[in-house]
Amino acid sequence: MSVKVHVERLIHDALRALAQQGLLPEDALPATIPVETPKRAEHGDFATSICLQLAKAARKNPRELATALSAKLEGAEGVASIEIAGPGFVNVRLTIDTWLTALASATREGARFGRSQAGLGRRVLVEYVSANPTGPMHVGHGRGAVIGDVLSNLLDWAGYRVEREYYENDVGNQMNKLTRSVLFRARELLGLETGPVPEDCYPGAYLIPVAEAARAALGDGIAHVAPEDEPALTRVRDFARDRLVGEIRGDLERLGVRHETWFREHTLHDSGAVSQAAAELEARGHVYTDDSGKRWFRSTDFGDDEDRVVVRENGVPTYFAADIAYHKHKMDRGYDCAIDVWGADHHGYIPRVRASIAALGYDVKRFEVLLCQFVTLVENGQPVRMGKRSGNFETLRDLLDEVGVDATRFGFVMRSADAQFEFDLALAKSQSMENPVYYVQYGHARLAQILAKAAELGHAPPSDGADLRAIVLPEELGLIKKAMEWPDVVRAAADQRAPHFVVFYLQELIGLFHGYYTKYKATEKVVSDDAAKTAARLVLCQGLKTVIGNGLAVLGVSAPERMYFTE
RNA sequence: GCGCGUGUAGCUCAGAUGGAUAGAGCGGCGGCCUCCGAAGCCGUAGGCCACAGGUUCGAAUCCUGUCACGCGCACCA
């Protein structure tokens with residue numbers, strides 16, 4: 001249990017006791033007590049404004065409530081002092097021993113420190129990336145991939161059972177377009193085409209090697225496939241799809257992103273799930289047919305702006321029909337929550353999907369969408385276009401080549417998902433502390449080197465039962481308190497679907513450490529002649545390294561033991 | 001036109017459930033190495049939190065309206 005959660009419980013219990021005494025109405029107690037870590041140290045280790053909030057319901061003066069609450073908290077486990085401040089804040093200060101004990105226990109937990117059971121093992125499906133298999137991944141996909149991946153890590157840490165899924169849109173016009181494009185490139189390779197790429201084909205040069213491979217695998221005959229030769233078209237289409245999906249997988253692997261399941265849209269068609277879902281929607285009375293024979297889902301009954309076509313005039317289901325089936329499938333698989341990570345350009349699609357889930361009788365609260373706004377690549381303030389001659393998309397691969405995995409991942413989660421922001425290539429490329437990812441990694445390396453140096457001199461952090469009371473400097477206590485927030489950061493970031501919390505937290509924590517280090521490196525070094533101080537400080541360093549390392553692990557960014565750069 | 005998102009320091013952005021004197025990084029300016037990593041640190045300047053109303057003990061945060069920017073408004077996926 002984190003220190004903060006401990007305090008939350010103390011306050012909660014105290015309030016319940018007050019309620020039993022009749023000082024407040026029982027039903028006025030909120031499920032979660034607002035407890036914050038004050039910005040100002042004078043306000044204690046923790047502060048709550050609960051008395052201000054309960055005052056009205058209790059028909060009491062907030063300070064009067066605060067007085068009653070503080071009387072209950074006085075002497076509670078770990079509490080050093082309580083004070084009432086301002087209009088009725090209650091500030092809680094804990095004993096130093098409480099903090100030292102927490103540090104010792106965190107250091108023991110090591111790579112598991114920060115994990116909790118808060119999610120109670122509830123099952124969550126996170127679907128992310130889901131780029132169409134018609135070309136390479138671009139930068140926008142990369143952001144969604146990293147955000148989805150880090151969110152999944154956070155949920156896992158917070159005690160949820162997480163599955164990561166990729167939805168392959170391997171059906172529809174785009175696949176036909178892809179097929180046409182590959183066939184065109186194949187003819188081009190054989191000299192049968194010399195003109196520009198037709199309008200109804202993808203222009204990207206990345207399809208030339210695909211066509212070459214297709215020729216090698218399927219023979220030169222593919223240059224002569226007739227538009228109505230379905231079996232041949234299917235062979236080409238499947239080949240191109242597999243090839244492009246393979247490239248996407250390769251890019252994701254390089255980015256450190258892995259999905260447990262790759263869900264293919266066509267399986268929904270093959271199994272009849274699409275028509276089944278449409279039929280069920282119809283059976284429930286939410287579908288009507290118009291004069292031309294189109295079938296419409298009356299999504300307006302569930303909050304959508306307009307009704308949506310589910311089956312076209314020619315009997316072919318729309319993409320949306322498949323998506324209804326897909327989300328129904330997710331619901332039927334029994335997840336407590338299904339989170340879709342989408343690009344912001346798809347936001348208009350949310351109401352209809354939500355409507356379909358509601359219309360099929362599921363609780364819409366089980367469906368969530370995390371939107372990712374676009375990233376603008378800039379270099380020294382100037383917008384960048386990364387695509388080579390091949391086209392105007394900016395590929396993820398180019399970015400990875402340019403700045404590496406760590407800076408790419410860190411850069412994509414350092415801002416809130418629903419804010420557009422500028423990704424500065426020059427900054428991400430620079431191997432300096434101006435680069436936030438290096439700043440954090442450098443801190444980890446510095447801690448590692450201190451511990452290594454200590455080991456060299458024969459000091460190891462005491463593994464158990466160490467007396468940490470040699471830790472007395474205010475900066476050291478501040479570091480402990482900050483480091484002990486890590487489990488709360490994980491929970492908050494998971495609950496709020498806000499991976500960027502982790503980045504900000506790590507920057508703050510390591511910033512405190514750099515300050516501490518510089519201030520005392522001449523006077524109060526970690527490794528000194530004082531055995532008690534040395535031992536205690538090594539535990540502190542070990543604990544900090546653990547937290548930074550765990551944070552970087554959640555982000556999927558490497559945590560180097562050393563970072564010497566040549567020159 | 002309608003919907004969603006955004007508007008906070010010169011720049012890029014944080015500010016969870018409304019709370020105490022609005023934060024960080026970069027950039028400016030001024031300082032700190034007889035060093036466990038100066039690739040670091042400290043100090044300082046810089047704000048009508050887009051604008052106008054409202055809600056209440058209290059609003060950057062919630063509500064309404066206005067303006068600006070981005071995205072979307074398919075029988076494409």
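Every chain is numbered from 1, with letters handed out A, B, ... down the list of sequences. Reckoned from all heavy atoms, side chains included, excluding hydrogens, waters and symmetry mates.
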Sequence-aligned protein contact record of nucleotides 2-8 of chain B, with B where the base is within under 4.0 Å of a protein heavy atom and S where only the sugar-phosphate is: -BBBS--
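- Across all strands, A:F320 comes closer than 4.0 Å to no nucleic acid atom at all (heavy-atom distances).
- Of the candidates B:C36, B:C41, B:G37, B:C36 carries the atom nearest the A:K525 side chain, counting heavy atoms from C-beta on.
- Residue pairs that meet the side-chain hydrogen bond (donor to acceptor under 3.5 Å, both in side chains) test with at least one member in residues 43-53 of chain A, sequence neighbours left out, are A:D45-A:W99, A:D45-A:K481, A:S49-A:Q53.
- Residues satisfying the side chain to side chain donor-acceptor pair (under 3.5 Å) criterion with A:E127, sequence neighbours excluded, are A:S130, A:K330.
- Distances were taken from every side-chain heavy atom of A:Y517 (C-beta onward) to each of B:C36, B:A16, B:C71; the shortest belongs to B:C36.
- When the ring pair (Phe, Tyr, Trp, His ring centres under 6.0 Å) test is applied to A:H141, the partners found at least two apart in sequence or on another chain are A:H138.
- Backbone-only contact: A:A344 has heavy atoms under 4.0 Å from sugar-phosphate atoms and none from a base.
- Scored by the salt bridge (charged side-chain N to carboxylate O under 4.0 Å, His left out) test, A:D488 finds no partners at all (sequence neighbours excluded).
- When the P atom of B:A77 is taken as reference, atom CG of A:D323 falls 11 Å away, rounded to whole Å.
- Mapping A:G172 and A:D345 onto RNA chain B via the closest heavy atom, the residue that lands nearer the 5' end is A:D345.
- Applying the side chain to side chain donor-acceptor pair (under 3.5 Å) rule to A:S528 yields the partners A:T534; only residues at least two apart in sequence or on another chain are considered.
- Checked against salt bridge (charged side-chain N to carboxylate O under 4.0 Å, His left out), A:D323 has no partners two or more places apart in sequence or in another chain.
- Residue contacts shown for A:A445 include a base, since a base heavy atom lies under 4.0 Å away.
- The number of heavy-atom neighbours closer than 6.0 Å to CZ of A:R9, taken from other residues, nucleotides and ligands shown, is 12 or below.
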Under 4.0 Å protein heavy-atom contact, by nucleotide of nucleotides 18-26 of chain B - B base, S sugar-phosphate only: -BBB----S
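- The side chain of A:H346 sits closest to B:A77 out of B:A77, B:G37, B:C13.
- Atom P of nucleotide B:A16 and atom CG of A:D488 are separated by 15 Å, given to the nearest angstrom.
- Across all strands shown, A:V310 has no heavy atoms under 4.0 Å from either base or sugar-phosphate atoms.
- Nucleotide B:A77 holds its P atom 9 Å from the CG atom of A:N169, rounded to whole Å.
- Here A:Y516 pairs with A:E476 under the side chain to side chain donor-acceptor pair (under 3.5 Å) rule; sequence neighbours left out.
- Residues passing the side chain to side chain donor-acceptor pair (under 3.5 Å) test with A:T37, sequence neighbours excluded: none.
- The environment of CG in A:N314 is crowded: more than 12 heavy-atom neighbours from other residues, nucleotides or ligands sit within 6.0 Å.
- For A:E422, the side-chain atoms get nearest to B:C13 when compared with the rest of B:A77, B:C36, B:C13.
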Under the 3.5 Å Watson-Crick or G-U criterion, the dot-bracket string of RNA chain B, with | for inter-strand pairs: (((((((..((((.....[...)))).(((((.......))))).....(((((..]....))))))))))))....
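- One can place NZ of A:K453 at 11 Å from P of B:C35, the figure rounded to the nearest angstrom.
- Atom pair A:F374:CZ and B:C71:C1' shows a separation of 7 Å (rounding to whole Å applied).
- Where A:G515 and A:A417 each meet RNA chain B at their nearest nucleotide, the meeting point lying more 5' is that of A:A417.
- Atom CD of A:Q449 is separated from atom P of B:A38 by 12 Å (rounded to the nearest Å).
- Atom P of nucleotide B:G37 and atom OH of A:Y516 are separated by 14 Å, given to the nearest angstrom.
- No engagement by A:K60 is indicated, since no non-hydrogen atom pair under 4.0 Å with the nucleic acid exists.
- Every residue meeting the salt bridge (charged side-chain N to carboxylate O under 4.0 Å, His left out) condition with A:E561, not counting sequence neighbours, appears here in chain and number order: A:K545.
- Listed candidates were B:U17, B:A77, B:G37. Nearest to the side chain of A:P34 is B:U17.
- By the 6.0 Å contact criterion, CZ on A:R237 is enclosed, its count of non-hydrogen atoms from other residues, nucleotides or ligands being greater than 12.
- Straight-line distance from the CG atom of A:L544 to the C1' atom of B:C36: 14 Å, rounded to whole Å.
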